[in-house]
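All of these numbers come straight from a predicted model, not from anything done at the bench.
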Amino acid sequence: MRKPVFALVDCNNFYASCEKLFRPDLRHTPVVVLSNNDGCVVARSKEAKALGIKMGVPVHHIKAEIRRYGIQVFSSNYTLYGDMSRRVMTTLEALAPKVDVYSIDEAFLDLTGIDRVVSFEDFGREVRNTVYQNVGLPVCVGIAPTRTLANYAAKKYPATGGVVDLTDPDRQRRLMAQVPVEEVWGVGRKLSARLQTMGIVRALQLADTHLATLRKQFSVVLERTARELNGVPCVPWEDVPAPKKQIMCSRSFGQPLQKLSDLEEAVAHFAARATEKLRGDQQYAGELMVFIRTNPFNTAAPQYSRSASVKLIQPSQDSRVIVQQALSLLRPMYREEFDYAKAGVMLGELVEEAGRQEDLFQAAPEQAPDSGRSERLMAVMDTINRKSRATVYMAREAGPAAYAMRRGHLSPAYTTCWDDLPKVR
DNA sequence: TCTGGGGTCCTAGGACCC
DNA sequence: TCTGGGGTCCTAGGACCC
């Protein structure tokens, strides 16, 4: 049997790199990109990292640094990042036989058994150069027998020119001896804290821990991680992306809301957006959940957090049905004495059209007078809204601007909107 | 003033069945 | 001096990832 070999291709500081790509004047300027609602930092250029700006820090905590160092701040521009991501992935698909897109800025390549006229390292360099030439974005490439090893190979050794070949077991162990355990893929804050109390502080120590102990004291997940560090693949390969199991739309409000009518507008809006995504995936939802909550960071204020869910008799992708159900879940949860900071709608029990169960008490589709009407109406709405965002919406939604995200530093849609094309003078 | 949003998987425990 | 055993399904909660 051929030994498995995976490459992880990871875009460096992806969002920040996308912003810099269209602003050559910022080549050496520290850049940060903010989360939705301009809340906290979710991407940093290497200059910003060098200044000690931490991932996830609320932007209002680093106001002084932004001013002092002239850090350039951007709101998240997912239209731009999504399009750049698509270009990177298309390039990768031309370079490797099997590509598993893992996230907006990462993909695994299955290199098992490819004819190796060049070394893995040369292959990695070719990937880097081609992506840079075609798209203009820098990537790191880690190559190893398992994804967990490839993952930290790609992320942790930019000093090697962005390509690390970890197929050699001795090299794996040498590098693992230096990697802190919390940097291993699958080991987060909680697990690393517990591991450290057991004296496990390096990746290599985790790899050498007795597997049954890990399973017993933690779970099968950590056991798998340890196996992967030892070169035994445990993460299944996804040739086609698995269909989504839930779809969520939620948002923190710019200002706290008190009135039921305001919450209704927000929840109606989230329900409509979630249902739009649902139709985009050509799925139907069998269940929906609505939640509302106060601001947990405001510890002085009384806290309130509720969620409610309902199963639909017949799975639906009709915004009218979902919005109406969401509102009837919201109303009994509402208490007027609280300041609400966030709400959301989650759709679950998603099914493909073909597997949809019909309502036993409904007339047969060919006899039902409105058969297909819902689908046609929604299709018309989506078509109009694709051309011009939020032109048609449910009456209960406040309107296009009411729950717009705070995005005070948004860059233009350079690649997806004619009006925003960069101009060459 | 000000702390994101959207996902996945696993486990434990309870209800229920025979 | 003792109170079965095995199975499924569901839910809530915890952990992780980007």
J.: Look at all strands and tell whether Tyr102(A) reaches a base, only sugar-phosphate, or nothing, counting heavy atoms closer than 4.0 Å.
T.: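 Contact class for Tyr102(A): sugar-phosphate only.
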J.: Stepwise, does the salt bridge (charged side-chain N to carboxylate O under 4.0 Å, His left out) test hold for Arg27(A) with Glu47(A)?
T.: CA-CA 10 Å; Arg27(A) 197 167 332 173; Glu47(A) 299 83 6; over 6 Å; no
J.: In whole Å, I'd like the distance from the CE atom of Met248(A) to the P atom of dC18(C).
T.: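 Taking atom P of dC18(C) as the reference, CE of Met248(A) is at 18 Å.
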J.: Measure from CZ on Arg147(A) to P on dC16(C) and round the result to the nearest Å.
T.: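 For the pair Arg147(A) CZ and dC16(C) P, the rounded distance is 20 Å.
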J.: Can we call the ring centroids of Phe6(A) and Phe108(A) under 6.0 Å apart?
T.: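 Distance test on ring centres: not under 6.0 Å, no.
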J.: With the side chain of Lys277(A) defined as its heavy atoms from C-beta on, choose the nearest nucleotide among dT3(B), dC18(C), dG6(B).
T.: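 Within the option list, the nearest is dG6(B).
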J.: Taking any heavy-atom pair under 4.0 Å as a contact, classify Asp105(A): base, sugar-phosphate, or nothing.
T.: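 The answer is sugar-phosphate, as Asp105(A) gets under 4.0 Å only of primed atoms, P, OP1 or OP2.
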J.: Are Asp38(A) and Arg407(A) close enough for a salt bridge, meaning some N to O gap below 4.0 Å?
T.: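 No salt bridge links Asp38(A) with Arg407(A).
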J.: Report which part of the nucleic acid Val59(A) touches: base, sugar-phosphate, or nothing (heavy-atom distance under 4.0 Å, all strands).
T.: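 Since no nucleic acid heavy atom lies under 4.0 Å of Val59(A), the category is nothing.
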J.: Is the shortest side-chain N/O distance from Lys342(A) to OP1 or OP2 of dT3(B) below 4.0 Å?
T.: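 The answer is no; no side-chain N or O of Lys342(A) sits under 4.0 Å from OP1 or OP2.
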J.: Whole-Å distance between dC18(C) P and Glu183(A) CD?
T.: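 Taking atom P of dC18(C) as the reference, CD of Glu183(A) is at 12 Å.
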J.: Is there a side-chain contact between Asn37(A) and the phosphate of dG5(B), meaning an N or O under 4.0 Å from OP1 or OP2?
T.: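 For dG5(B), OP1/OP2 do have a side-chain N/O of Asn37(A) under 4.0 Å.
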J.: Where do Asp339(A) and Gln258(A) land on the side chain to side chain donor-acceptor pair (under 3.5 Å) test, with the steps shown first?
T.: CA-CA 5 Å; Asp339(A) 287 344; Gln258(A) 290 92 22; 2.8 Å; yes
J.: Quick one: Phe253(A) CZ to dT3(B) C1', roughly how many Å, whole number?
T.: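 It is 16 Å, rounded to the nearest whole Å.
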J.: Please pick, from dG7(B), dC10(B), dG5(B), the nucleotide with the shortest atom-to-atom distance to any side-chain atom of Ile247(A).
T.: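 Nearest listed nucleotide: dG7(B).
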J.: Checking all strands, does Val57(A) fall into the base, sugar-phosphate, or nothing category for heavy-atom contacts under 4.0 angstrom?
T.: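 Touches nothing.
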J.: What does dC18(B) pair with, Watson-Crick or G-U, if both distances are under 3.5 Å?
T.: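 Result: dG5(C).
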J.: Taking only the side-chain heavy atoms of Lys190(A) (C-beta and beyond), determine which of dC16(C), dG5(B), dC10(B) contains the nearest atom.
T.: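 Selected nucleotide (nearest to the side chain): dC16(C).
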J.: Rounding to a whole Å, what distance do you find between Phe297(A):CZ and dT1(B):C1'?
T.: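 Taking atom C1' of dT1(B) as the reference, CZ of Phe297(A) is at 15 Å.
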J.: Mind checking Val184(A) for me? I need base, sugar-phosphate or nothing, with any heavy atom below 4.0 Å counting as a touch.
T.: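 Sugar-phosphate contact only - Val184(A) comes under 4.0 Å of backbone atoms but never of a base.
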J.: Using a heavy-atom cut-off of under 4.0 Å over every strand shown, decide if Leu191(A) touches base, sugar-phosphate, or nothing.
T.: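 Answer is sugar-phosphate: Leu191(A) comes under 4.0 Å of backbone atoms only.
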J.: Can you confirm whether or not the ring centre of Tyr15(A) sits under 6.0 Å from the ring centre of Tyr78(A)?
T.: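 Ring centres of Tyr78(A) and Tyr15(A) closer than 6.0 Å.
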J.: Output the single nucleotide from dC10(B), dG4(B), dC16(C) whose closest atom is nearest the side chain of Tyr78(A).
T.: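 Of dC10(B), dG4(B), dC16(C), dG4(B) is nearest to the side chain of Tyr78(A).
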J.: Taking atom P of dC10(C) as reference, at what distance in whole Å does atom CD of Glu287(A) sit?
T.: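 Rounding to the nearest Å, CD of Glu287(A) and P of dC10(C) are 11 Å apart.
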J.: As a test of reading the structure: which of dT8(B), dG5(B), dT11(B) is closest to the side chain of Ser250(A), going by heavy atoms?
T.: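 Closest nucleotide among those given: dG5(B).
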J.: Okay, side chain of Gln325(A), backbone of Ile322(A): is any donor-acceptor separation there less than 3.5 Å?
T.: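 No, because the side chain of Gln325(A) does not come within donor-acceptor range (under 3.5 Å) of the backbone of Ile322(A).
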J.: Within this structure, what is the CZ-CG distance for the pair Arg194(A) and Leu222(A), rounded to the nearest 0.5 Å?
T.: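 Result: 9.0 Å between the selected atoms.
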J.: Name the residue closer to the 5' end of DNA chain B, choosing between Gly39(A) and Val220(A) according to the nucleotide with the nearest heavy atom.
T.: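 So the residue in question is Gly39(A).
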J.: Find the distance Gln246(A):CD to dG6(B):P and express it as a whole number of Å.
T.: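 Rounded to the whole Å, the gap is 11 Å.
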J.: Nearest of dT11(B), dG7(B), dT8(B) to any side-chain atom of Lys245(A)?
T.: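 So the side chain of Lys245(A) is nearest to dT8(B).
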J.: Kindly point out which of dT3(B), dC18(C), dG7(B) is positioned nearest to the side chain of Pro58(A)?
T.: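 Side chain of Pro58(A) sits closest to dT3(B).
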J.: Given dA15(C), dG4(B), dC18(C), identify the nucleotide with an atom nearest to the side chain of Ser252(A).
T.: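 Among the listed nucleotides, the one closest to the side chain of Ser252(A) is dG4(B).
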J.: The side chain of Arg224(A) lies closest to which of these nucleotides: dG5(B), dC17(C), dC9(B)?
T.: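 Per side-chain heavy atoms of Arg224(A), the pick is dC9(B).
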J.: Taking the side chain of Lys63(A) as its heavy atoms from C-beta onward, which of dT1(B), dT3(B), dG6(B) lies nearest to it?
T.: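 Among the listed nucleotides, the one closest to the side chain of Lys63(A) is dT1(B).
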J.: Could you state the atom-to-atom distance from CE of Met289(A) to C1' of dG13(C) in whole Å?
T.: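 The answer, rounded to whole Å, is 12 Å.
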